[in-house]
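Bear in mind the structure is a predicted one, so any value in this text is a computation, not a measurement.
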Amino acid sequence: MEWTTLQHLDLRHVGHGVVPFQPHAACFHSHQALIAVAIGTYIVEFDALTGSKISALDIGAPVVRMAYSPTSAHTVVAILQDCTLRSCDFDLEQTCVLHSPDKKSDKVYSETEVHLAMTPLQQVVFFGFHKRMSVTVVGTVEGGRAPTKIKTDLKKPIVNLACHPRLPVLYVAYADGLIRAYNIHTYAVHYTLQLENTIKLNGACAFAFHPTLEWIFVGDRRGTLLAWDVSIEKPSMIGITQVGSQPITSVAWVTTLRILVTLSKDGNMKVWRLRVLVNPNRPPMPANFFEPAAIESIDIPRILSQQGGEAVYPLPRIKAIEFHPKSNLAALVFANVTNGDTSKNKTENNRERRKQLFAVLQGARGSSASLLKEKLSVLGSSGVLADHQLQAQLQEHHLKGHGQLTISDIARKAFLHSHFMEGHTKSAPISRLPLIAVLDTKHRLKDIPVAQPFHLELNFFNKENRVLHYPVRAFYVDGPDLMAYNLSSGLENTYRKLYNSIPGHVEYQANYLIYSKKQHLFLVAFEFSGITNEVVVYRENTEVDTVNSKSSNVKGRDAAFIGPNENQFAILDEDKTGLAVYILPGGPSHEPKDIEKAFEENQATETSDNSIKGPTPFMFETEVDRIFSTPLDSTLMFASHGSQIGLVKLIQGYRLSTSTSTSTSSGHYITTKGEGKKSLKLKINEIVLQVHWQETLRGHVAGILTTLRVLIVSDTLDILASTSTNFDKGLPPISLDFFN
C-alpha cells in the first residue's frame with residue numbers, strides 16, 4: 001500500500017490579495033463528503049469528492065482550531081486568534097460569536113495550543129487554553145447555553161479535551177499523564193486512565209476513538225502511543241509503544257483500512273496495525289498490540305506534484321493530517337513556507353545540506369543499496385529522488401541504452417538534483433491543499449464489497465414491454481462465507497461456508513466473485529498471506545431435495561467463464577503466466593463429485609459424458625494481471641496493467657491450437673504481443689478493474705471500468721464510448737462510502 005494524491009483544493013485566489021496565503025487548518029464533516037479549510041481570515045467549504053468550492057466566509061481573524069458541529073448540518077465552530085469562539089453556518093452564510101475573551105488584548109497564534117471538544121448528544125462545545133485550570137462550556141447555537149466556566153476536581157494544568165463520539169463522556173487530560181472521564185451532564189467522575197509510576201508520561205496530545213469498540217487511542221507528549229479498553233468497569237491499558245521522542249500531535253483511526261495513523265510534532269508520520277490475540281489461556285501483551293503496517297512512507301515531493309501540483313523546496317514539514325471519519329480520505333496541512341530567508345542564509349543552508357549528502361555518500365561506500373537508500377531518505381529533499389522522479393530517471397537511462405542504474409548513480413543524481421532545486425523550484429506558500437488516500441496497488445477495489453452485480457440492459461428503454469426481471473437473490477462474500485441477500489424480503493443468510501476454518505495467524509481476503517447463471521457455478525478467488533492463493537469452485541443447489549454440494553479448491557489468483565453457454569472456465573496461475581482451462585458438460589446437471597475429482601490431481605481428467613474435463617494447460621508469453629469472462633465462443637479476455645487488453649481464442653481439439661485477436665500462436669503457447677493485430681492499449685498506470693458484457697442490436701459489447709476511465713467496447717475491442725477524464729479524479733474506495 002502507498003499514499004497517493006486524489007486532488008488539490010485550489011485556494012490561490014481566496015481573499016484576492018497580492019500575497020498568496022497558505023491553508024493552516026482543516027476539518028472534515030462527520031458523515032458527509034465535505035471539508036472546511038481555514039486560510040487567512042477565511043473559512044472555505046469544499047465538496048471533498050469533486051473539489052468544488054461551496055462557500056467562503058470571512059470571519060475577521062485567522063483560525064487557530066476548528067471542527068464541524070456534530071449537531072448541525074453545515075456549521076463549523078472555531079477558535080480565532082483574537083480568542084473569540086465563533087460558529088460559521090455555511091447554509092445561512094453567516095457567523096455568530098459564541099464567546100468573547102474577558103480582555104480585548106488577549107490573543108493567541110496559529111501555533112498556540114487550544115483545546116476544543118464537541119459531543120453529538122448536546123448542542124454545546126467544551127474549550128480551554130493550554131495548561132489552564134478550568135474548562136469553558138457554551139452552546140453552539142445563537143441564544144443557546146450561556147458560557148460557564150467549569151472547575152475540575154483536580155487542581156492540575158489541563159493539556160487536552162475530547163468527547164466520546166457515542167457516550168455522554170468528556171475526557172480531560174492533565175499534564176502528569178492522567179486522563180479523567182467526566183459525565184457531560186453532571187460532571188461526575190466516571191473513571192480515571194492512569195499508568196503506574198514506572199512509566200513517565202507528559203500528558204495526552206491527541207485522542208482517537210474506535211468506531212465500534214470501546215477503545216481509546218492516546219498520543220502522549222512524550223512520544224508514547226497507548227490504547228485503553230473502557231468497556232469494562234475498571235478500564236485497562238491494552239496497548240503501548242514508543243513512537244519517538246517528539247510529542248504525538250495527531251492520532252486517527254482509518255475505518256475502511258482498519259489502521260491507526262500517528263503524526264509527531266517533527267512531521268514524522270507512522271501507520272500501525274493492531275495485533276489482537278483472543279486466547280483465554282494467555283494474558284494480553286500490551287507491548288505487542290501495535291505493529292507497523294506494511295505501507296510505504298509518505299513521499300512529500302510526490303504527493304505535492306501529483307494531479308497537477310507543484311513540488312516545493314526545501315521539503316515542507318507536515319503540520320497536521322485530518323482524516324474523514326467514514327472514508328479513506330485525508331487532508332495534509334503543512335507548516336508555513338515563507339520567503340523570509342535572505343539570499344545569504346539560503347546559500348548557507350543549501351551548502352550545509354550538500355555537505356551532509358556528501359558525507360553520507362562518502363561514508364556509505366561499499367554499503368548495500370538498502371542501507372544507502374535508508375540513509376539518503378533521512379536527508380529529505382537533499383536525499384534520494386522522489387519516486388516519480390526516480391522512475392523518470394530509470395526510464396530515460398533505459399531508453400539511452402545504458403547499463404543498469406545503480407544506487408550510487410541514483411545518489412549522485414540526488415546530489416545534483418538538490419543543487420538544481422535551489423533555483424528552479426517554487427519556494428512560496430503552498431496555496432493548494434492536497435487530499436490524499438491510502439491506495440492498495442494490488443487491490444484497487446479492496447474497500448468495495450466482493451459481490452455479484454446485476455445491471456440494467458443498455459437497450460432497456462427501447463423495448464416495447466419494459467419489464468425488468470430482478471434475480472431472487474444477490475450474492476456477496478463476507479469473510480470465508482458466501483452470503484445471499486433476498487431482494488424481496490430483505491433477509492440475508494449464509495449461503496455456503498467456503499472455508500470451515502482458517503488459521504488465526506493467516507490474513508485473508510476475497511478478491512473476486514464470478515457466478516455463472518447458466519451453470520449455477522461460483523468461482524471465488526481468495527488471497528492468503530504466506531500461503532498460495534486459491535479459487536473456490538462451488539456449484540449452487542438447484543433442487544430442494546438434494547444434499548448440499550461440496551466446494552473444491554484449486555490454486556490460482558483469478559478465474560473466468562468462457563463462451564456463450566459458460567461451459568468452460570479458466571483459472572490463472574499464481575505466476576500470472578499459466579492458465580488452466582476446464583470444460584463443463586452442456587447443461588448444469590453435472591454432479592458435484594465430478595468437480596471435486598477434476599481437482600484431486602494436477603492432470604487432465606475425463607470422466608463420464610456428464611462430468612467436468614480438465615485441466616488443459618496454456619501458457620501466456622508475458623505476465624497477465626487479470627482474466628475476464630466473455631460470452632464469445634471459446635474466447636477469454638486478459639488484461640496487463642498499464643499495457644493492453646486482449647482477447648484470446650482457445651480452440652481445443654486433437655491438436656491444440658490458439659489464436660488471438662492481438663496475435664497468433666500455436667499449441668499451448670499464447671503470445672501477448674499485438675504485432676499488427678487489433679488490441680486495446682491502456683494508458684500508463686491504467687488498471688482494469690471490472691468488465692461486464694451485454695448483448696445489443698449491434699452484437700455483444702463490454703463495459704470496462706479502469707482506474708482512469710469507463711469504456712464501452714465492441715467484441716473486436718473497438719471503442720464505442722468513453723468517459724472524459726477531466727472530472728474522473730476519485731478512486732472507487734473513496735466515493736463508495738458516501739452512498740451507503
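In this structure, Asn553 contributes its side chain and Glu534 its backbone to no donor-acceptor pair below 3.5 Å. With hydrogens and angles disregarded, no donor-acceptor distance shorter than 3.5 Å links the side chain of Lys326 to the backbone of Ala33. Counting only distance, with no hydrogens or angles, the side chain of Gln7 and the backbone of Leu49 share a donor-acceptor pair below 3.5 Å. No donor-acceptor distance shorter than 3.5 angstrom exists from the side chain of Ser52 to the backbone of Asp47, with no hydrogens or angles considered. No side-chain donor-acceptor contact under 3.5 Å links His31 to the backbone of Pro325. Side-chain atoms of Thr630 do not come within 3.5 Å of backbone N or O of Met637 as any donor-acceptor pair. With Asn328 contributing its side chain and Ala437 its backbone, the two residues share no donor-acceptor pair below 3.5 Å. Panel note: side chain Thr241, backbone Glu291; no donor-acceptor pair is recorded below 3.5 Å. Here the side chain of Thr635 pairs a donor or acceptor atom with the backbone of Asp633 at under 3.5 angstrom.
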task = Evaluate side-chain contact (heavy atoms from CB on, under 4.5 Å) for Leu263 paired with Val261, printing each intermediate quantity in order.
result = CA-CA 7 Å; Leu263 177 68; Val261 180; 6.0 Å; no

request  = Could you please spell out the steps behind the side-chain contact (heavy atoms from CB on, under 4.5 Å) verdict for Asn533 and Asn511?
outcome  = CA-CA 10 Å; Asn533 299 337; Asn511 290 337; 5.7 Å; no

task = Start with the C-alpha distance between Glu566 and Lys517, add both sets of side-chain angles, then the distance that settles salt bridge (Lys or Arg N to Asp or Glu O under 4.0 Å), and finish with yes or no.
result = CA-CA 9 Å; Glu566 299 176 340; Lys517 294 180 181 179; over 6 Å; no

query = Are Gln307 and Leu6 close enough, and set up right, to give a side-chain contact (heavy atoms from CB on, under 4.5 Å), and what steps lead you there?
reply = CA-CA 7 Å; Gln307 301 294 341; Leu6 303 178; 6.0 Å; no

request  = Under the side-chain contact (heavy atoms from CB on, under 4.5 Å) rule, what do Trp3 and Ile295 come out as? Steps first, then yes or no, please.
outcome  = CA-CA 8 Å; Trp3 297 94; Ile295 178 173; 3.7 Å; yes

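Residues Leu579 and Leu636 have side chains in contact (heavy-atom distance under 4.5 Å, counting atoms from C-beta outward). Using a 4.5 Å cut-off on side-chain heavy atoms (C-beta onward), Met483 and Tyr485 make no contact. Between Leu435 and Thr5, every side-chain heavy-atom pair lies at or beyond the 4.5 Å cut-off. A heavy-atom distance below 4.5 Å is found between the side chains of Leu711 and Leu680. Two residues are said to be in side-chain contact when any heavy atoms from C-beta on lie closer than 4.5 Å; Leu225 and Leu260 meet this criterion. When side chains are defined from C-beta on, His520 counts as touching Tyr515, because their heavy atoms get closer than 4.5 Å. With contacts defined as side-chain heavy-atom distances shorter than 4.5 Å, the pair Trp215/Leu274 qualifies. Using a 4.5 Å cut-off on side-chain heavy atoms (C-beta onward), Glu623 and Thr577 make contact.
Between Glu322 and Phe28, the closest heavy-atom pair is O-CE1, 3.2 Å. Between Leu513 and Phe475 the shortest heavy-atom distance is CD2-O, 3.8 Å. Taking each heavy atom of Val450 and Ala510 in turn, the nearest pair found is CG2-O, 3.1 Å. Scanning both residues, Ser722 and Arg709, for their nearest heavy atoms gives OG-CD, 4.2 Å. Here the shortest heavy-atom pairing between Ser629 and Phe561 reads OG-N, 2.8 Å. When all heavy atoms are compared, the tightest approach of Gly239 to Phe290 is C-CE1, 3.6 Å.
A cation-pi arrangement is not found for Arg473 relative to Tyr495, the charged atom failing to lie both closer than 6.0 Å to the ring centre and inside a 45° cone about the ring normal.
A salt bridge between Asp573 and Lys555 is absent, with no side-chain N of the basic residue lying under 4.0 Å from a carboxylate O of the acidic one. Salt-bridge check for Arg302 with Glu296: failed, with every basic side-chain N at 4.0 Å or more from each acidic carboxylate O. The existence of a salt bridge linking Glu214 and Arg166 is confirmed by a sub-4.0 Å separation between a basic side-chain nitrogen and an acidic carboxylate oxygen.
Rounded to the nearest 0.5 Å, atoms OG1 (Thr706) and CD (Gln690) are 11.0 Å apart. If you take OG on Ser643 and NZ on Lys683, they are separated by 15.0 Å, rounding to the nearest 0.5 Å. Atom CD1 of Ile514 is separated from atom CD1 of Ile627 by 8.0 Å, given to the nearest 0.5 angstrom. One distance of note links CZ of Arg539 with CG of Leu584; it measures 10.0 Å at 0.5 Å rounding. Rounding to the nearest 0.5 Å places CD1 of Ile645 at 11.0 Å from CZ of Arg626. To the nearest 0.5 Å, atoms CG (Leu521) and OH (Tyr582) are separated by 12.0 Å.
Taking the ring centroids of Phe526 and Tyr499, they lie under the 6.0 Å cut-off.
Using cut-offs of 30° and 60° for the angle between ring planes, the His700 and Trp693 rings count as perpendicular. Taking the six-membered ring where the residue is Trp, Phe217 and His210 present tilted rings, their angle falling between 30° and 60°.
Gln32 and Tyr68 share no donor-acceptor pair across their side chains, judged by distance under 3.5 Å alone.
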